[in-house]
Amino acid sequence: MIPIISLVFYYGSEPWDGPVDLYDMFQLEGTKEEKEVLEKYLPNYKINLIDSERLPNISQFSEDLQVILSMLRYRNSKEELTDYINENKKFFQNVDYETSQAMKAFLNMKQISGETEQNEEKEMNVVEALDELQRKARHDDKLREQFIKTRDAEDPLGAFCSVCREAGYELYPMDVVQAGDEFYAAMKRSTNGGGENSPVLTGEDDPYELFFAGLQEL
């Protein structure tokens, strides 16, 4: 059997005032003797509560989670939040997609300061990285074969990105998917104004497929 640890991640601004175990939820009543009998047949279950704003030491967590927890503490002060983002500008300029989405969800923000420009640059860099990798694979039979084999993997995109990282390019599935979505949207906008009557784009709307199309031309 595989043990499962459940956590309650609370990120409200006010301290947690809900039940912390099963007995609290049931609010057992009766005499002391009656409670003891009931507790004998009803095992208690305590929740593993993470009260995010009141954690005493966030340095024990990963850098991404430290930033999210710190931002939660400053969310009620626009000035403090802005100062924190400016102090950690390098992190926010290179924040990955999953972390930025988590920040936006927890903080109810549509956009994080400094993120847009960098993300657009990153999306371009994904396409550029794929172009570079394709050129290398066209002249390296071993690398080319590694990429082609990923097409038959259980998780083709995950396997593909793993080969990319082994080759020195820090790419992850979400990076490739996001770059493809942005590239497709840009192509749609440039085709008949991007209206609903724009023709369906094939091939050129997916840098991932374009990568393999270039290899197959050899």
Side-chain angles (χ1 to χ4, degrees), residues 1-5 7 60-68 88-105 111-112 114-218:
M1 295 181 65
I2 300 176
I4 298 175
I5 299 176
L7 303 174
Q60 59 188 310
F61 300 108
S62 67
E63 182 183 18
D64 290 356
L65 190 52
Q66 285 183 46
V67 171
I68 292 175
N88 296 272
K89 187 173 293 185
K90 186 175 180 180
F91 173 87
F92 288 101
Q93 288 178 338
N94 295 280
V95 66
D96 61 77
Y97 179 76
E98 290 85 354
T99 302
S100 71
Q101 292 299 101
M103 290 178 183
K104 292 171 188 175
Q111 196 65 49
I112 297 172
E115 180 196 28
T116 303
E117 181 180 348
Q118 185 65 27
N119 276 356
E120 288 175 354
E121 181 181 341
K122 183 176 181 181
E123 286 153 10
M124 283 298 297
N125 286 341
V126 171
V127 176
E128 290 170 1
L130 292 177
D131 287 342
E132 281 190 19
L133 280 165
Q134 187 190 75
R135 286 195 294 271
K136 288 184 178 181
R138 288 168 71 94
H139 295 91
D140 185 332
D141 291 339
K142 182 179 179 181
L143 182 60
R144 179 173 178 270
E145 187 63 27
Q146 283 181 299
F147 277 125
I148 291 175
K149 283 183 178 179
T150 65
R151 301 288 268 181
D152 298 321
E154 184 176 348
D155 176 12
L157 183 55
F160 171 81
C161 289
S162 179
V163 175
C164 290
R165 292 193 296 275
E166 289 174 6
Y169 293 79
E170 201 71 9
L171 295 180
Y172 294 86
M174 187 55 69
D175 295 325
V176 178
V177 171
Q178 189 179 12
D181 289 344
E182 289 296 318
F183 192 58
Y184 175 79
M187 290 292 291
K188 288 281 284 183
R189 286 194 297 269
S190 65
T191 307
N192 194 31
E196 61 180 15
N197 294 321
S198 297
V200 176
L201 303 175
T202 58
E204 69 268 24
D205 62 328
D206 192 339
Y208 172 71
E209 293 297 336
L210 270 176
F211 177 90
F212 285 100
L215 291 187
Q216 292 168 359
E217 289 175 359
L218 296 177

Problem set entry | D140/R144 under side-chain contact (heavy atoms from CB on, under 4.5 Å): CA gap, chis, key distance, verdict | CA-CA 6 Å; D140 185 332; R144 179 173 178 270; over 6 Å; no
Donor-acceptor pairs under 3.5 Å, side chain of residues 145-156 to any protein atom, not counting sequence neighbours: which ones?
from, atom 1, to, atom 2, distance (Å)
T150, OG1, F147, O, 2.5
R151, NH2, E209, OE1, 3.1
D155, OD1, G158, N, 3.2

Problem set entry | Residues in ring pair (Phe, Tyr, Trp, His ring centres under 6.0 Å) contact with Y208, at least two apart in sequence or another chain | F160, F212
Exercise. Roughly how far, to the nearest 0.5 Å, is the SG atom of C161 from the CD atom of E170?
Worked result: 10.0 Å
For this session: Please lay out, stage by stage, how V67 and N88 fare under the test side-chain contact (heavy atoms from CB on, under 4.5 Å).
Result: CA-CA 9 Å; V67 171; N88 296 272; 5.5 Å; no
Exercise. Is there side-chain contact between L133 and V163, with heavy atoms separated by less than 4.5 Å?
Worked result: no
For this session: Hey, could you give me the CG/CG distance between L130 and L171, rounded to the nearest 0.5 Å?
Result: 6.0 Å
Seminar exercise, completed: Taking every heavy atom of Q134 against every heavy atom of L215, the minimum-distance pair comes out as O-CD2, 4.0 Å
Exercise. Considering all heavy atoms of both residues, which atom of K136 and which atom of Y169 are nearest to each other, and what is their separation?
Worked result: NZ-OH, 3.0 Å
Problem set entry | Side chain proximity check, V126 to P207, heavy atoms < 4.5 angstrom | no
Problem set entry | Approximate separation, where rounding is to 0.5 Å, of Q66 CD and Q60 CD | 9.0 Å
